[in-house]
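Treat the numbers as computed from the prediction; the structure is a model and nothing was measured. Lettering follows sequence order; numbering is per chain, from 1.
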2 protein chains.
Amino acid sequence: MLEAADRLLSEHGPSAVTHLRIAAEAGVSRATVYRHWPDRGSILLDLLRRSTELQVTTPPREVELATGVTILLRSFAAALSGEGGRTLAAMVGLAEWDEDVAAALRQMATIGPGMLEELLRRGVTEGELNPSVDVSLLVDRLIGPLYLRRLLYRDPIDDDVVERLVAATLAPPLRPT
Amino acid sequence: MLEAADRLLSEHGPSAVTHLRIAAEAGVSRATVYRHWPDRGSILLDLLRRSTELQVTTPPREVELATGVTILLRSFAAALSGEGGRTLAAMVGLAEWDEDVAAALRQMATIGPGMLEELLRRGVTEGELNPSVDVSLLVDRLIGPLYLRRLLYRDPIDDDVVERLVAATLAPPLRPT
DNA sequence: CTTGTATGATACAGACTGTATCATATGGCA
DNA sequence: TGCCATATGATACAGTCTGTATCATACAAG
């Protein structure tokens with residue numbers, strides 16, 4: 001049933017996730033679907049929680065910080081481009097009027113980049129990053145533009161963008177010399 | 001009728017924007033609503049296009065670049081915190097399965113920050129910014145974290161965050177000296 | 001063999017959709 | 001004044017979806 005619901009969500013959006021259609025798709029009685037989830041919200045919530053794993057690659061420990069960050073963000077961008085991005089977009093829309101979805105979204109959005117934060121903190125202790133740097137803000141500054149591209153611009157995030165983002169954010173020659 | 005629809009959208013979300021309810025709220029016949037909009041999508045699209053104006057303050061010309069950017073981003077953050085943020089979230093969710101909404105969203109997301117880009121380009125020509133800077137990427141790096149906070153974390157964006165973001169992005173002492 | 005538990009089948013009232021038809025009002029124009 | 005176009009109202013219909021309820025059936029554990 002969850003597989004059927006997942007198909008419906010990804011193909012036709014949240015409003016197509018219907019007890020009736022799930023029953024039909026899954027070859028199951030409508031009553032059964034209602035017994036498992038009293039309303040559409042709970043179906044969606046289950047669905048969203050399941051696909052909440054934006055899989056991210058762990059970069060090897062020995063590489064330079066910027067390289068590690070690039071590797072990590074690239075895999076993150078790839079996850080955003082896949083089915084995870086759709087789920088995320090759906091959640092953003094639903095969260096505005098559903099506190100449970102909002103909580104799940106917040107969790108997804110903060111736990112996901114946890115590995116990046118860890119990587120950056122290691123960069124601080126190992127002297128690659130200035131200790132005065134606000135690490136959690138830095139995480140937002142690295143991830144924010146990726147979300148922006150995926151959710152608002154709806155552009156593909158190519159490797160070049162990630163590279164330029166990391167380069168500009170971690171070693172920026174902004175002011176004229 | 002659009003006012004009624006707007007109320008329904010902001011109070012109960014896109015799925016509550018119903019020909020029937022609009023008719024009731026607006027004191028109008030259901031048939032009339034159908035005559036103006038054949039389906040829900042067109043209602044929402046009209047609604048979204050109307051409130052697409054994320055009003056942003058123009059900073060005075062004579063201030064320093066960082067100050068100008070801060071002023072602009074603060075007013076942008078304020079717009080995101082208001083009704084514009086809700087509309088935006090709804091659009092993000094809908095755009096995934098509706099090409100028209102996607103186009104409107106893209107327009108909203110690129111035109112809105114146009115003033116910031118202009119400000120930054122002026123910063124380049126006036127020597128406050130290194131000419132080698134990728135301005136459009138810089139725009140994303142400044143705005144992305146704000147969208148991230150509003151749409152994903154759903155945190156209020158206080159002035160302090162904006163200030164730290166601008167400081168870190170425009171003059172970052174990232175590497176240890 | 002019995003007792004839960006999950007499921008299937010079916011019914012019902014109600015909301016919502018999208019289309020269609022016919023009547024009514026209103027304002028402009030000859 | 002009379003005519004006409006346009007917008008609206010009232011109503012109907014078939015269909016989807018919702019949420020609840022009831023009764024029957026299958027199956028596994030005790």
Leading and trailing nucleotides of DNA chain C with any atom under 4.0 Å from heavy atoms of chain A: C:dT7 to C:dC12

Going by the ring-ring contact (aromatic ring centres under 6.0 Å, His included) test, which pairs reach into residues 82-108 of chain B, not counting sequence neighbours?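 Not a single pair qualifies under ring-ring contact (aromatic ring centres under 6.0 Å, His included).
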
Can you tell me how far the CG atom of B:Leu48 sits from the CG atom of B:Asp100, to the nearest 0.5 Å? 11.0 Å

Value rounded to 0.5 Å, distance of CD in A:Glu64 from OG1 in A:Thr67: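 If we round to the nearest 0.5 Å, A:Glu64:CD and A:Thr67:OG1 are 4.5 Å apart.
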
Kindly list each side-chain donor-acceptor pair under 3.5 angstrom involving residues 28-37 of chain B, sequence neighbours excluded, with atom names and distances?
{"unit_1": "B:Ser29", "atom_1": "OG", "unit_2": "B:Ala31", "atom_2": "N", "d": "3.2"}
{"unit_1": "B:Trp37", "atom_1": "NE1", "unit_2": "B:Asp46", "atom_2": "OD2", "d": "3.1"}

I'd like a table of donor-acceptor pairs (distance under 3.5 Å, sequence neighbours excluded) in which one partner is a side-chain atom from residues 158-167 of chain A, with atom names and distances.
{"unit_1": "A:Asp158", "atom_1": "OD1", "unit_2": "A:Asp160", "atom_2": "N", "d": "3.4"}
{"unit_1": "A:Asp158", "atom_1": "OD1", "unit_2": "A:Val161", "atom_2": "N", "d": "3.0"}
{"unit_1": "A:Asp160", "atom_1": "OD2", "unit_2": "A:Arg164", "atom_2": "NE", "d": "3.2"}
{"unit_1": "A:Glu163", "atom_1": "OE1", "unit_2": "A:Arg74", "atom_2": "NH2", "d": "2.9"}
{"unit_1": "A:Arg164", "atom_1": "NH1", "unit_2": "B:Asp134", "atom_2": "OD2", "d": "2.2"}

Kindly determine whether A:Arg122 and A:Glu128 satisfy salt bridge (charged side-chain N to carboxylate O under 4.0 Å, His left out), including the steps that lead there. CA-CA 8 Å; A:Arg122 204 161 68 218; A:Glu128 290 184 275; over 6 Å; no

Neighbour count above 12 (heavy atom, 6.0 Å) for B:Glu3 CD: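 12 or below, so no.
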
Got a sec? Which of residues 6-26 of chain B come in under 4.0 Å of DNA chain D, heavy atoms?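 The stretch gives none, as no residue of it lies under 4.0 Å from the strand.
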
By a strict heavy-atom criterion of less than 4.0 Å, which residues belonging to residues 29-46 of chain A are in contact with DNA chain D?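 Contacting residues: A:Arg30, A:Tyr34, A:Arg35, A:Pro38, A:Asp39, A:Arg40.
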
Between [X] (side chain only) and [Y] (backbone N and O only), is there a donor and an acceptor less than 3.5 Å apart?
{"X": "A:Arg149", "Y": "A:Ile157", "result": "no"}
{"X": "A:Asn130", "Y": "A:Val133", "result": "no"}
{"X": "B:Arg40", "Y": "B:Val17", "result": "yes"}

